[in-house]
Amino acid sequence: MMLLRSFVIAFSMWSAIPMPQVEWDRDGMKYALCAFPFIGLAAGGAVWLWLFLCGGLGLTRLLAAAGAALLPVAVSGGIHLDGFCDASDAIASRQGPEKKLEIMKDPRAGAFGVMAVCGYLLLSCALWDALLAGKDPRVIGAVCLGFLLSRALSGFAVAVFPLAKESGLAHTFATGAEKRVVAILDGHLAFFAAAGMVALAPLPGLAAAAGAALAFLWYLLVCRGFGGTTGDLAGWFLTVCEGAILAGAVVGQAIM
């Protein structure tokens, strides 16, 4: 019952999928970050189903690519893209940690954040179009599995990285989590997701997993400039990681 409550809390917090109301008590919060990666399965499944329907209905490749770029945002309710926008503003400011945190706290979207979101969505659509040109369902499946990998790495980071401030969503879930269990489970999920990607499409899957690893290293460096991680930075990483996975798969497919 406690694990089920953790899943409901995770899906209620980090997705737009309707969930029953449950009490957000301490026991339920302990393992919410363990359930977080499974939202990636829902996002990946939604993308796979969309692309399958597009193929069956004979829709254009560009329309299929646009849907694949937007569906993960719809499944998440835009929460990670919102963090990506705020964090992009703060990173582009080139200020000190305190000023960066202040910029992220501002509810208004800055110019750099808007440009980053528009650029990301355009690039994501273009990459999906390039991936679909290969017409290889194994590569598409590997990228869809990448939505699990990105969230497993994100949950792992929230459990083990220092926190930049003593408030916010990351602080709430990190302090309420059974951190050792979260780190072990999310770490294993990340490993098996990456292994599954390589098994499905060896070269593109390996390139996609390498993209995720590089994004994680970048995340670590970015967090040092903030004094730790935050909810917005976690959203920034997840967005960058999914873009890196997609780009890696496209590169791997091109040289396969």
Side-chain angles (χ1 to χ4, degrees), residues 37 40-41 43-56 58-73 75-76 80-81 84 88 91 115-154 156-157 186-222 236-256:
L41 291 180
V47 171
W48 179 268
L49 179 60
W50 164 252
L51 296 176
F52 177 79
L53 290 174
C54 287
L59 300 179
T60 66
R61 199 173 75 205
L62 180 58
L63 179 59
L70 292 173
L71 263 175
V73 181
V75 170
S76 70
H80 308 304
L81 199 61
F84 174 76
S88 295
I91 293 168
M115 287 188 288
V117 169
C118 291
Y120 178 83
L121 291 176
L122 282 171
L123 180 59
S124 180
C125 181
L127 288 171
W128 271 110
D129 184 70
L131 194 74
L132 294 174
K135 298 181 180 179
D136 191 336
R138 298 171 301 168
V139 180
I140 295 171
V143 173
C144 288
L145 193 54
F147 291 106
L148 170 62
L149 174 59
S150 63
R151 284 163 175 78
L153 289 173
S154 183
F156 175 84
D186 282 2
H188 278 77
L189 285 173
F191 173 80
F192 286 118
M197 291 161 65
V198 176
L200 277 172
L203 186 54
L206 181 61
L214 289 174
F216 190 79
L217 290 175
W218 189 15
Y219 181 31
L220 179 59
L221 292 174
V222 167
W236 175 88
F237 162 69
L238 192 146
T239 304
V240 169
C241 186
E242 291 177 357
I245 288 170
L246 185 54
V250 170
V251 172
Q253 179 176 257
I255 63 177
M256 186 169 56

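Along the sequence shown, the residues carry numbers beginning at 1. Everything numeric in this text was worked out from a predicted model, so none of it was measured.
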Quiz prompt | Step-by-step side-chain contact (heavy atoms from CB on, under 4.5 Å) determination, Val222 to Trp236 | solution = CA-CA 10 Å; Val222 167; Trp236 175 88; 3.6 Å; yes
Quiz item: Passes side-chain contact (heavy atoms from CB on, under 4.5 Å), Cys125 versus Leu62? Steps please.
Solution: CA-CA 8 Å; Cys125 181; Leu62 180 58; 4.0 Å; yes
Quiz prompt | Leu121/Val117 under side-chain contact (heavy atoms from CB on, under 4.5 Å): CA gap, chis, key distance, verdict | solution = CA-CA 6 Å; Leu121 291 176; Val117 169; 4.1 Å; yes
Exercise. Please step through side-chain contact (heavy atoms from CB on, under 4.5 Å) for the pair Trp128 and Val47, ending with a clear verdict.
Key: CA-CA 11 Å; Trp128 271 110; Val47 171; 3.8 Å; yes
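Contact annotation: the side chain of Phe237 never approaches that of Ser150 to less than 4.5 Å [non-hydrogen atoms, C-beta and beyond]. At a threshold of 4.5 Å between non-hydrogen side-chain atoms, the residues Met197 and Ile245 count as touching.
With rounding to the nearest 0.5 Å, the separation of CG in Leu63 from CG in Asp129 is 11.0 Å. From Leu41, atom CG reaches atom CH2 of Trp48 across 14.0 Å, with rounding to the nearest 0.5 Å. Taking CD from Glu242 and CG from Leu127, the interatomic distance works out to 13.0 Å, rounded to the nearest 0.5 Å. A distance of 8.5 Å separates CG in Leu59 from CG in Leu53, rounded to the nearest 0.5 Å.
The one candidate from Ser76, Ser154, Pro72 that meets the side chain to side chain contact (heavy atoms under 4.5 Å, CB included) condition with Leu238 is Ser154.
The shortest non-hydrogen separation linking Ala193 to Leu145 is O-CD2, 3.5 Å. Closest of all the heavy-atom pairs between Arg151 and Ala43 is NH2-CB, 4.5 Å. When every heavy atom of Ala244 is checked against every heavy atom of Ala212, the shortest pair comes out as CB-N, 4.4 Å. Heavy-atom minimum distance, Cys241 versus Leu153: SG-CD1, 4.3 Å. Closest non-hydrogen pair, Leu51 versus Ala68, comes out as CD2-CB, 4.2 Å. The two residues Val143 and Leu131 come nearest to each other via the heavy atoms CG2-CD2, 3.7 Å.
Aromatic ring orientation, Tyr219 versus Phe216: perpendicular (interplanar angle above 60°, classes split at 30° and 60°).
No donor-acceptor pair closer than 3.5 Å links the side chain of Ser124 to the backbone N or O of Tyr120. Formation of a donor-acceptor pair under 3.5 Å by the Trp50 side chain with backbone atoms of Ala64 is found in this model. With Ser88 contributing its side chain and Phe84 its backbone, the two residues share a donor-acceptor pair below 3.5 Å.
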